[in-house]
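Worksheet: one structure, shown below.
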Number of protein chains: 4
Amino acid sequence: MARKPRQRRAKATVDAIVEAGFITMAERGPAATTTRQIADIAGVGVGSIYEYFENKEEIFSVMSDRFIADTIAMIQPLIPELVRKPIKDAVLELLARFRDFLQAGDERYLKCARHAMTLGFEQHVEPLQKTLSELVTQYLMHHPETLQIRNIPTMSYIMINGGIYSVIRHLCDPAPPISFDELAEGLANMVSHYTERELALVRE
Amino acid sequence: MARKPRQRRAKATVDAIVEAGFITMAERGPAATTTRQIADIAGVGVGSIYEYFENKEEIFSVMSDRFIADTIAMIQPLIPELVRKPIKDAVLELLARFRDFLQAGDERYLKCARHAMTLGFEQHVEPLQKTLSELVTQYLMHHPETLQIRNIPTMSYIMINGGIYSVIRHLCDPAPPISFDELAEGLANMVSHYTERELALVRE
Amino acid sequence: MARKPRQRRAKATVDAIVEAGFITMAERGPAATTTRQIADIAGVGVGSIYEYFENKEEIFSVMSDRFIADTIAMIQPLIPELVRKPIKDAVLELLARFRDFLQAGDERYLKCARHAMTLGFEQHVEPLQKTLSELVTQYLMHHPETLQIRNIPTMSYIMINGGIYSVIRHLCDPAPPISFDELAEGLANMVSHYTERELALVRE
Amino acid sequence: MARKPRQRRAKATVDAIVEAGFITMAERGPAATTTRQIADIAGVGVGSIYEYFENKEEIFSVMSDRFIADTIAMIQPLIPELVRKPIKDAVLELLARFRDFLQAGDERYLKCARHAMTLGFEQHVEPLQKTLSELVTQYLMHHPETLQIRNIPTMSYIMINGGIYSVIRHLCDPAPPISFDELAEGLANMVSHYTERELALVRE
DNA sequence: GATGAATGAGCTTTCATTCAT
DNA sequence: TATGAATGAAAGCTCATTCAT
């Protein structure tokens with residue numbers, strides 16, 4: 001039944017619904033994110049949701065897509081700048097942007113990220129992985145000496161997943177044992193120390 | 001109306017319910033973990049659940065407690081052995097044990113861990129944090145030179161959270177881009193490289 | 001989530017639910033007056049109840065309000081006529097009307113009145129008290145000599161409460177020891193005798 | 001299954017259960033009067049209830065019987081004294097005793113009386129009616145002139161039912177518009193005025 | 001006889017989804 | 001196309017009653 005919106009008005013309605021999905025999720029949590037709530041906040045009738053979405057699930061699916069797309073849109077333009085920085089600065093910059101991104105709009109995306117795994121979010125994450133791979137690749141190409149580092153895919157995997165989760169975990173923690181700056185500094189050091197040590201080992 | 005079990009039979013019922021909670025959670029996910037499902041799998045009537053648990057929430061709470069307790073029971077006896085190993089070996093050993101632990105019993109704990117954040121699991125994690133802190137502390141005391149590393153709390157935070165999540169993420173991924181051994185090796189290298197580099201810096 | 005009915009159809013549904021509440025209460029008593037029963041008799045889905053009522057309690061509340069409102073609507077127009085009659089005739093007339101009112105529609109209101117106390121019905125009775133007070137007041141003003149009676153508030157209280165209950169008790173009794181006419185005559189005599197005696201005492 | 005208790009110990013258990021029924025009903029209301037509550041307060045196991053009572057219903061039935069029996073036991077010994085008093089004093093005395101009776105023991109009986117109709121209490125009330133009839137009869141025989149009053153059964157019916165209900169209603173009302181003494185005085189006056197007026201009429 | 005663990009029918013309530021308007 | 005009233009399956013939970021111990 002769900003039809004792809006072809007008209008401008010329809011597109012606006014879809015946007016309003018997805019937007020409302022984010023707002024409800026952020027403000028009241030996933031339990032209160034009912035179709036009624038979404039429709040109310042979107043300012044449309046419940047029935048209209050089903051004009052554009054097969055079911056509630058699909059709204060979350062589109063939200064996940066949008067989350068990923070927005071994350072990519074946030075990172076993509078930073079790449080040229082990041083790849084020119086020293087590794088530690090690049091990581092610090094990226095983490096700061098990521099934090100701002102998660103906290104923007106009433107922590108909308110942070111709240112969503114918490115429930116990401118439950119919401120089957122992983123199925124949407126691939127494009128982001130690709131963008132981050134591109135970032136790593138470009139970085140390596142701008143810093144040819146780093147190409148000697150062994151196991152780059154593995155280390156990327158660890159950095160990306162460990163880093164993302166540590167940040168989310170930290171931002172969600174009402175009483176974190178360390179500050180965000182310490183966390184960021186730590187992660188940046190981790191990366192740069194590892195890189196330096198690795199290069200030193202290779203050089204020997 | 002929840003009362004403490006006084007008879008042997010009662011204790012068995014409580015265990016069956018918690019056990020059924022894990023099974024249901026692992027097999028069908030948290031959405032399908034209804035009181036009815038739990039009762040059916042436990043082989044008891046729905047009413048029996050409420051003889052021993054105030055409400056459904058409390059089942060999850062007890063499950064979380066048990067998960068944490070089991071994790072601690074797994075780690076605690078390893079400590080004497082781990083603290084005597086070189087850092088890299090210690091990390092590798094710990095990760096291997098952690099993987100086995102998560103995958104035991106039809107991946108019960110792995111499946112639960114995926115939904116940990118959704119289930120408000122964080123409120124139960126403190127004892128585990130303490131155990132891991134103890135592990136770190138004892139390790140440091142057995143390797144006095146490592147005490148010179150700066151920002152140990154921060155690095156512990158990163159290692160523990162980033163490490164745990166990377167492993168869970170990896171084990172959940174049906175088609176991971178790297179093998180578990182590569183992941184473990186990478187994490188171990190990350191820790192040991194960081195340590196070495198840090199000590200080198202301090203020595204300078 | 002209870003919302004005010006905006007469409008004509010909605011108003012009909014609300015009415016059907018309240019109507020079904022009365023029917024169920026009258027036919028099966030308060031214990032069997034479940035949301036399911038009400039929905040079935042109203043010919044609507046259970047869910048519809050909660051479109052218009054916050055909870056089951058509120059149905060009883062609205063039923064009480066309607067009962068009181070209907071009683072008032074029955075009494076109010078009688079007042080001009082009643083106040084012009086001799087006291088005994090006035091009481092007889094009122095009692096006859098009250099009986100007819102209670103027995104109308106399959107004794108709906110009589111059956112409900114039986115359970116009035118259990119249902120916390122007292123909280124809704126004030127408007128009726130006011131109407132009856134008005135009746136008494138107007139009666140007194142049309143018969144100035146009666147103003148000399150002492151303790152009018154007390155006697156009103158006794159007459160109203162004792163009278164209402166005696167009638168309900170009588171109508172509920174499958175084998176009453178006296179006829180309704182005897183009861184009515186007795187109550188009317190009670191009032192008129194008391195009045196006469198009181199006036200006689202005052203005159204002395 | 002329910003067997004009549006033959007032994008002293010069994011009789012004590014039955015008593016404890018009925019007693020607990022009154023306590024629970026008075027303290028927590030009929031909704032909280034579950035078999036569990038009753039058993040807990042009685043200090044017996046839930047199972048024991050079913051040794052002596054067919055079902056929950058029967059407990060209420062026995063409670064009603066006991067309520068009536070106690071009421072009779074309260075009234076019966078007063079009869080010789082009451083029948084010797086002037087009518088007004090007799091009524092005042094009876095009402096005072098009735099109030100004390102209802103309010104004794106944490107208002108146990110008053111609370112029960114409120115729910116009497118719901119609990120099908122009427123089926124147990126006959127012995128009390130008989131006692132009250134006896135009181136009336138004896139009173140009439142001690143005051144032969146009153147035998148000339150017409151419609152004595154009707155007036156008894158009104159006095160008894162109207163009186164009982166007015167008192168219960170008044171004692172239940174958290175903010176009654178008149179004091180209990182005013183109510184009692186009013187009822188007593190009602191009776192005596194009526195009697196006097198009736199006798200005057202007959203004499204004419 | 002006494003117990004209380006176990007039961008499960010049945011309660012109130014929610015909410016994704018449908019469909020007449 | 002847009003609406004929101006209506007739906008009913010299914011949730012969490014209660015409690016009178018049973019029965020093995």
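Labels below follow one simple rule: chain letters A, B, ... track the order of the sequence lines, proteins then strands, and each chain is numbered from 1.
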(message) Taking B:A20's backbone N and O only, do any of them form a donor-acceptor pair with B:T24's side chain (distance below 3.5 Å, no angle check)?
(response) yes
(message) Under a 3.5 Å distance rule, please check whether A:D15 uses its side chain to pair with a backbone N or O of A:V18 as donor and acceptor.
(response) no
(message) Please give me the minimum heavy-atom distance between B:Y50 and B:N55, naming the atom from each residue.
(response) CE2-CA, 3.9 Å
(request) Quick one: closest heavy-atom pair of B:S61 and B:H124, and the distance? (result) OG-CE1, 3.0 Å
(request) Between A:G47 and C:G47, just flag the one whose closest nucleotide in DNA chain F comes earlier from the 5' side. (result) A:G47
(request) Walk me through it: do B:R108 and B:E19 pass the test side chain to side chain contact (heavy atoms under 4.5 Å, CB included)? (result) CA-CA 10 Å; B:R108 148 184 321 196; B:E19 181 75 10; 2.7 Å; yes
Starting at [atom1] of [X] and ending at [atom2] of [N], how long is that distance when rounded to a whole Å?
| X | N | atom1 | atom2 | value |
| --- | --- | --- | --- | --- |
| B:I38 | F:dG12 | CD1 | P | 8 Å |
| B:E51 | E:dG4 | CD | P | 12 Å |
| B:I49 | E:dG8 | CD1 | C1' | 12 Å |
| B:I17 | E:dA5 | CD1 | C1' | 11 Å |
| A:D40 | E:dA16 | CG | C1' | 14 Å |
| D:E57 | F:dC15 | CD | P | 17 Å |
| D:Q37 | F:dT14 | CD | C1' | 13 Å |

(request) Kindly say if B:Y50 contacts the phosphate of F:dT14, meaning a side-chain N or O under 4.0 Å from OP1 or OP2. (result) no
(request) Using the test side-chain contact (heavy atoms from CB on, under 4.5 Å), find all partners of D:T71 that sit at least two apart in sequence or belong to another chain. (result) D:F67, D:M74, D:I75, D:F101, D:L128
(request) Toss me the dot-bracket line for DNA chain E: Watson-Crick and G-U wobble, both under 3.5 Å, 5' to 3', using | for pairs to another strand and [ ] for crossers. (result) .||||||||||||||||||||
Under 4.0 Å, counting only non-hydrogen atoms across every strand here, what does [X] touch: a base, just sugar-phosphate, or nothing?
| X | answer |
| --- | --- |
| C:V44 | sugar-phosphate |
| C:T35 | base |
| C:S48 | base |

(message) Going by salt bridge (Lys or Arg N to Asp or Glu O under 4.0 Å), name the residues that satisfy it together with C:D106, two or more places apart in sequence or in a different chain.
(response) none
